[in-house]
Peer 1: 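Quick one: the structure is below, and I'll ask about it shortly.
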Amino acid sequence: MSLWKYANPVKFLHLSERVLPTLWVLSIACVATGLVWGFFFTPDDFRQGSTVKIIYLHVPSALMAINAWFMMLLASLIWLVRRHHVSALAAKAAAPVGVVMTVIALVTGALWGQPMWGTWWAWDPRLTSFLILFLFYLGYMALWAAIEDPDSAADLTSVLCLVGSVFAVLSRYAVNFWNQGLHQGTSIPVATGERSVADVFFVPLVIAMIGFGLLFLALVFYRTGTEIRLRRTKALLAREART
Amino acid sequence: MMSAILPDLGKYAMPVLASYGSGLILLIGLVCVSVWQGRKAKAALDAVESKDQSDA
């Protein structure tokens with residue numbers, strides 16, 4: 001079985017109809033469990049007090065804001081190399097999800113930063129690269145909306161996605177190679193496994209992160225289906241107008 | 001009533017509640033808008049396809 005068969009819009013729609021019910025249920029269950037557990041059943045941090053509860057929204061949304069861009073990058077590369085329309089539409093469908101995740105990360109970060117750092121915002125490397133990533137999301141969506149020919153729009157937005165990937169990488173790794181700024185380093189370094197978060201906070205955080213990941217997948221599947229249907233409707237109407 | 005349901009957030013109640021409020025509104029809004037757009041697109045395609053079939 002080849003993965004490329006799902007580049008066929010009809011096969012993709014059949015696949016999404018099969019997987020979406022499970023994805024919706026699992027994602028909503030994980031997001032709800034992670035947030036409810038984190039908000040109601042975790043203690044205050046000895047230094048940050050109850051603001052530590054913001055972590056269950058801030059970290060998963062920031063993670064998905066960056067990963068959404070990487071998913072768009074992969075889909076854009078597939079479009080540029082193999083010209084599969086479904087991949088271009090999947091990248092287009094992921095952008096609004098990514099932008100909402102970025103806004104959640106920025107807003108919760110500001111609300112967390114004010115009591116902890118004494119400021120809503122600082123021109124810190126991670127925060128600044130995240131803000132630029134947000135602007136790239138807006139630019140990406142505006143470019144899709146501005147160009148009428150879908151193939152040209154997919155080409156140009158794919159190039160923009162490649163350029164914006166620099167800031168997606170910076171958002172994730174800025175704290176590692178820019179040893180300045182207010183934002184702390186990662187609390188869960190995947191490479192070393194030496195996390196600085198206690199189990200009591202870590203378990204609901206992981207559940208929330210899984211939930212946000214699944215919710216992203218569900219939304220991208222669903223929204224890609226919407227884009228496929230919109231394009232098919234447009235094609236049928238154009239054919240009808242010609243005859 | 002609310003204080004019986006909510007955990008004691010102390011002096012940081014405002015930022016914590018504002019974070020959860022804004023985050024949940026954005027997440028639920030995103031899901032609702034996506035589903036609304038999806039249903040609208042499906043209905044539009046169904047209408048065009050059924051017209052296409054009746055014309056053929």
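Chain letters run A, B, ... following the sequence lines, proteins first and then strands; every chain starts at 1.
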Peer 1: What do you reckon, are the aromatic ring centroids of Trp37(A) and Tyr56(A) less than 6.0 Å apart?
Peer 2: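 They do not qualify: ring centres at least 6.0 Å apart.
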Peer 1: Do you know which of Leu24(B), Val48(B), Val33(B), Asp46(B) has the most heavy-atom pairs under 4.5 Å to chain A?
Peer 2: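 Maximum pair count with chain A is reached by Val48(B).
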Peer 1: Which region of Glu240(A), side chain (C-beta onward) or backbone (N, CA, C, O), has a non-hydrogen atom less than 4.5 Å from a non-hydrogen atom of chain B, or is it both or neither?
Peer 2: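 Contact with chain B involves the side chain of Glu240(A) alone.
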Peer 1: At a 4.5 Å cut-off on heavy atoms, which part of Ile28(B) comes close to chain A: side chain, backbone, both, or neither?
Peer 2: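 Neither the backbone nor the side chain of Ile28(B) comes within 4.5 Å of chain A.
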Peer 1: Side chain of Lys53(A), backbone of Thr42(A): donor and acceptor closer than 3.5 Å?
Peer 2: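 Flag set: sc Lys53(A) to bb Thr42(A) pair under 3.5 Å.
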Peer 1: Taking Ile54(A), Val31(A), Thr108(A), Asp44(A) one by one, which has the highest count of heavy-atom pairs under 4.5 Å against chain B?
Peer 2: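 Of the options given, most contacts go to Ile54(A).
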Peer 1: With Phe134(A), which residues qualify under ring-ring contact (aromatic ring centres under 6.0 Å, His included), at least two apart?
Peer 2: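 So Phe134(A) forms no ring-ring contact (aromatic ring centres under 6.0 Å, His included) with any residue.
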Peer 1: Checking Arg223(A) against chain B: side chain, backbone, both or neither under 4.5 Å from a heavy atom?
Peer 2: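 Contact with chain B involves the side chain of Arg223(A) alone.
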Peer 1: Angle class for the Phe136(A)/Trp69(A) ring planes (parallel below 30°, perpendicular above 60°, tilted otherwise)?
Peer 2: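 Judged by the thresholds at 30° and 60°, the geometry between Phe136(A) and Trp69(A) is perpendicular.
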Peer 1: What part of Val97(A) lies closer than 4.5 angstrom to a heavy atom of chain B: side chain, backbone, both or neither?
Peer 2: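 Answer is both: backbone and side chain atoms of Val97(A) are under 4.5 Å from chain B.
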Peer 1: Of the backbone (N, CA, C, O) and the side chain (C-beta and beyond), which part of Leu215(A) lies under 4.5 Å from a heavy atom of chain B, both, or neither?
Peer 2: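 The side chain, not the backbone.
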Peer 1: Scan side-chain atoms only and decide if Trp121(A) and Gln114(A) contain a donor-acceptor pair under the 3.5 Å cut-off.
Peer 2: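 Short answer, no.
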Peer 1: Given that the side chain runs from C-beta out, which part of Ser22(B) has a heavy atom under 4.5 Å from chain A: side chain, backbone, both or neither?
Peer 2: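 For Ser22(B), side-chain heavy atoms alone lie under 4.5 Å from chain A.
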Peer 1: Heavy-atom cut-off 4.5 Å, strictly under: side chain, backbone, both or neither for Phe41(A) against chain B?
Peer 2: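 When you check distances to chain B, no heavy atom of Phe41(A) falls under 4.5 Å.
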Peer 1: Tell me, for Gln48(A) versus chain B, whether the close heavy atoms (under 4.5 Å) come from the side chain, the backbone, both or neither.
Peer 2: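 Gln48(A) touches chain B through backbone heavy atoms alone.
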Peer 1: In a table with atom names and distances, give each donor-acceptor pair under 3.5 Å that connects a side chain of residues 5-16 of chain B to protein atoms at least two apart or in another chain.
Peer 2:
from	atom 1	to	atom 2	distance (Å)
Asp8(B)	OD1	Gly10(B)	N	3.2

Peer 1: Taking atom types as modelled, is there a side-chain donor on Asn8(A) or His84(A) under 3.5 Å from an acceptor on the other?
Peer 2: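 There is no such pair (donor and acceptor under 3.5 Å, judged by atom type) between the side chains of Asn8(A) and His84(A).
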